[in-house]
Amino acid sequence: MIARAAANGLKVGIRGIGASVPSRIVSNSEIAELVETSDEWIVERTGIRERRVAEPGVGASELAVPAARDALRAAQVDASSLDLVIVATITPDMPFPATAAFLADELGAGKVAAYDLQAGCTGFVYALSQAYGSIAAGLAKRVLVVGVDLLTKYLDWHDRGTCVLFGDGAGAAVVETVGEGGFLGFELGNDGSHADDLCVPAGGTRAPATTATVDQKLHTMRMNGREVFKFATRVMVTSAERVLGIAGMQPEDVDLYAPHQANKRIIDHAVRQLGIPSERVILNVDRYGNTSAASIPICLAESLRNGMLRPGTTLLMTGVGTGLSWGSALMVWGDAVSGSHDGARG
Ligand code: UT7
């Protein structure tokens, strides 16, 4: 799925952004007490030094609330003015109803349309495209897009192939028409032949929870790391090239690149292939690990605060994750501001 945005002159962009992460920091050394690994191995093979882990009892909507409030405050709008809340997550509060239902209620958004979108680490980019599409089609004027995941809740803390990689986090954006800048294009895809390469096998309708599924640890994440790595290195580049192509741009036109933060080696490969200078690349995987759907909005909130992201910046975002899915969004940043993301909540 690929489309040039703003072709009809309609400018839709991000008005305000927010992020929140749990306060508890778990270092590589702490994980090395659980499985046979080391800080050196994790840093060298992934670039991750630490991650945030939510406390027991904290669910996706609870972590998302401060991020959403920050985004609304930054946009200077009230939750009651929203037409739609989209929560991108693969770690919902419950199998149903949607986490968006809990979040919208907690925010005081009233009877707003609210649903979850499941596209793993690509979820935020998918949700931005849906927000754009809803506004462009006249279905909505103002959309809250949230990316939140607490994948530490689905980890087998004795599987060193996965437990070193993930952290918890949330990010949110208010999407509406803007005076300056806005989205230039989207490119989204999925290859379901790789669906089993990154999954939680039980807990759905194929294998509902039984004592046997619990005993076999089928409610925790399974990942074919090498396959996902190969896939990610390929699509991070092809997706970015496609979205730039539809907008008539080249990699050198990108002022700021917000790649999904899964593994520094995947990002380094994409940056090398695309030829984007390293000073234009956002990197925070060292501090948060892979926060899935939250990784790109956390990057945006931090970049706004540290001045890397400014009005007029041409911003490229690319995600890749379970599905296996991928997606890119290209935009020119308007005058949106960041909420008071202090990196320690939940
Ligand atoms: O958003 C998408 C989500 N997922 C990803 O992006 C993950 C993509 N995959 C990866 O990032 C990498 O494949 C991993 C970080 C998961 C693994 O790194 P790798 O360099 O591909 O390692 P490998 O799977 O090829 O394994 C190399 C060795 C193996 O030992 P042997 O068989 O050579 O003796 C593993 O058992 O490294 C071992 N290993 C570890 N050693 C220490 C795997 N995990 C660990 C670990 N600590 N945590």
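Counting starts at 1 for both ligands and their atoms, in listed order.
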- Say whether Val228 and ligand 1 are in contact under the criterion: heavy-atom distance to a ligand atom below 4.0 Å. yes
- Ile266 to ligand 1, any heavy atom closer than 4.0 Å: yes
Mark up the atoms of ligand 1 that fall under 4.0 Å of a heavy atom belonging to [X], in ascending order.
X      : value
Arg265 : 18 (O), 20 (O)
Cys121 : 1 (O)
Arg45  : 20 (O)
Ala262 : 1 (O), 6 (O)
Asn290 : 1 (O), 2 (C), 3 (C)
Asn263 : 10 (C), 11 (O), 15 (C)
Val164 : 48 (N)
His260 : 1 (O)

Return the residue, atom name and 0.1 Å-rounded distance of the protein heavy atom closest to [atom].
atom                    : value
atom 47 (N) of ligand 1 : Thr37 OG1, 2.6 Å
atom 4 (N) of ligand 1  : Met223 SD, 3.4 Å
atom 36 (O) of ligand 1 : Arg160 NH2, 2.9 Å
atom 12 (C) of ligand 1 : Phe229 CD1, 4.0 Å

- Task: With heavy atoms only and a cut-off of under 4.0 Å, state how Val320 meets ligand 1: side chain, backbone, both or neither.
- Result: backbone
Which residue from [options] reaches closest to [atom] through any of its heavy atoms?
atom                    : options                       : result
atom 17 (C) of ligand 1 : Trp326, Phe231, Phe166, Trp41 : Trp41
atom 8 (C) of ligand 1  : Gly225, Ala293, Gly161        : Gly225
atom 26 (O) of ligand 1 : Glu40, Glu227, Arg226         : Arg226

Can you tell me if [X] uses its side chain to pair, donor with acceptor, with the backbone of [Y] under 3.5 Å?
X      : Y      : result
Arg242 : Glu187 : no
Thr46  : Val43  : no
Asp39  : Ser29  : no
Asp116 : Ala100 : yes
Ser325 : Ala119 : yes

- Charged N-O contact under 4.0 Å between Asp83 and Arg142: no
- Under a 4.0 Å N-O cut-off, is there an ion pair linking Arg265 with Asp268? no
Determine whether any protein heavy atom is located less than 4.0 Å from [atom].
atom                    : result
atom 6 (O) of ligand 1  : yes
atom 44 (N) of ligand 1 : yes
atom 14 (C) of ligand 1 : no
atom 34 (O) of ligand 1 : no
atom 28 (C) of ligand 1 : no

- For Val281 against Met308, the heavy-atom pair lying closest together: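 Shortest heavy-atom contact: O-CE, 3.9 Å.
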- Task: Please say which of Asn290, Thr318, Thr291 ends up in a side-chain hydrogen bond (donor to acceptor under 3.5 Å, both in side chains) with His260.
- Result: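 One option only clears the test, and that one is Asn290.
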- Decide whether an N or O pair under 3.5 Å exists between Ser38 and ligand 1.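 N/O-N/O distance below 3.5 Å does not exist for this pair.
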- Measure up the Phe186 and Tyr132 rings against each other and bin them: parallel (under 30°), tilted (30 to 60°), perpendicular (over 60°).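 Taking Tyr132 first and then Phe186, their aromatic rings sit tilted (interplane angle of 30° to 60°).
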- Query: Looking at Phe231 versus His194, is the centre-to-centre ring distance below 6.0 Å?
  - Reply: yes
- Query: Any side-chain heavy atom of Glu50 sitting closer than 4.5 Å to one from Asn28?
  - Reply: no
- Given Glu30, which of Arg24, Arg49, Arg51 fulfils the salt bridge (charged side-chain N to carboxylate O under 4.0 Å, His left out) condition?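 Answer to the salt bridge (charged side-chain N to carboxylate O under 4.0 Å, His left out) test with Glu30 among Arg24, Arg49, Arg51: Arg24.
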- Task: I would like to know whether Thr220 and Asp156 meet side chain to side chain donor-acceptor pair (under 3.5 Å); could you show each step before the answer?
- Result: CA-CA 6 Å; Thr220 57; Asp156 173 357; 4.7 Å; no
